[in-house]
Amino acid sequence: MPRVLPESLRAQAAATKGFLPEDEAQALAAAALSAPAGTWLEVGSYCGKSTIWLGWAAAQRDSQLVTLDHHRGSEENQPGWEWHDPTLVDVETQRLETLPHLRRTVWRAHLEDSVSIVVADTRQAAQWWNSPLTFLFLDGNHTEEVAQHDYAAFAPFLVPGGVLAVHDVFENPADGGQPPWHVVQRATGEDGFEQTGRCGSLRVLRKP
Ligand code: MG
């Protein structure tokens, strides 16, 4: 099996709505490919841009990717905010609704065998999640409360040697919100994770 994302999938990922530059997507896929085989969890699916890269990597590694999202969008995706996309509003509920887009993305990419879609708030999913993880990608809601919650809820399930990737990490407040950076500091501080890579706002850490 090739270890480079096929051109057809690369083009599909590039055309999928989302907030992940291609160099960071490549680094994310490389981080996932470096993880042990097993169950992988992506927090924050949105329309599936990163899910294509991670789902493909999971297929290469005989792993299963679970992608978790409530699909109502984060604060910055709501009407009046910077990252609102009116084409993602459901006509009946008048709420942001990204699930149909994700479903189509996974189907078009032929990744249904390696990707499981879970629709839930992370605080709901944390109540029943109990599978060990070999790879965890944190890219959900970026408020301090939820970012810290998502780390505290799911990082303990990483096995030793498991890989943690965190997106939208900005050390400098002028570049972006600080909660993901606080999560990285917590992981590398009290929890002893080792930083093994970075690309743009993506950090890759390994659990001791
Ligand atoms: Mg992100």
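Note that the numbering runs from 1 along the sequence shown for the chain. Remember, it's 1-based here, ligands and their atoms both numbered in the order they're listed.
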> Any N/O/S atom, backbone or side chain, of H142 lying under 2.8 Å from the Mg ion (ligand 1)?
Replying inline: no
> Taking atom NE2 of H70 and atom OG1 of T122, what is their separation to the nearest 0.5 Å?
Replying inline: 7.0 Å
> Should we say atom CG of D90 is surrounded by more than 12 heavy atoms from elsewhere, each under 6.0 Å from it?
Replying inline: yes
> Of all N, O or S atoms in D168, which has the smallest distance to the Mg ion (ligand 1)?
Replying inline: OD2
Using atom types as modelled, flag every donor-acceptor pair under 3.5 Å from a side chain in residues 104-111 to any protein atom, sequence neighbours excluded.
| residue | atom | partner | partner atom | Å |
| --- | --- | --- | --- | --- |
| T105 | OG1 | C47 | O | 2.7 |
| T105 | OG1 | H101 | O | 2.8 |

> Name of the D139 N, O or S atom nearest the Mg ion (ligand 1)?
Replying inline: OD1
Would you mind writing out the side-chain donor-acceptor pairs for residues 173-190 within the sub-3.5 Å range, not counting sequence neighbours?
| residue | atom | partner | partner atom | Å |
| --- | --- | --- | --- | --- |
| Q178 | NE2 | F170 | O | 2.8 |
| Q178 | NE2 | G176 | O | 3.3 |
| H182 | ND1 | E144 | OE1 | 2.8 |
| H182 | ND1 | E144 | OE2 | 3.3 |
| R186 | NH1 | Q148 | OE1 | 2.5 |
| T188 | OG1 | V184 | O | 2.9 |
| T188 | OG1 | Q185 | O | 3.4 |

> In H167, which N, O or S atom comes closest to the Mg ion (ligand 1)?
Replying inline: ND1
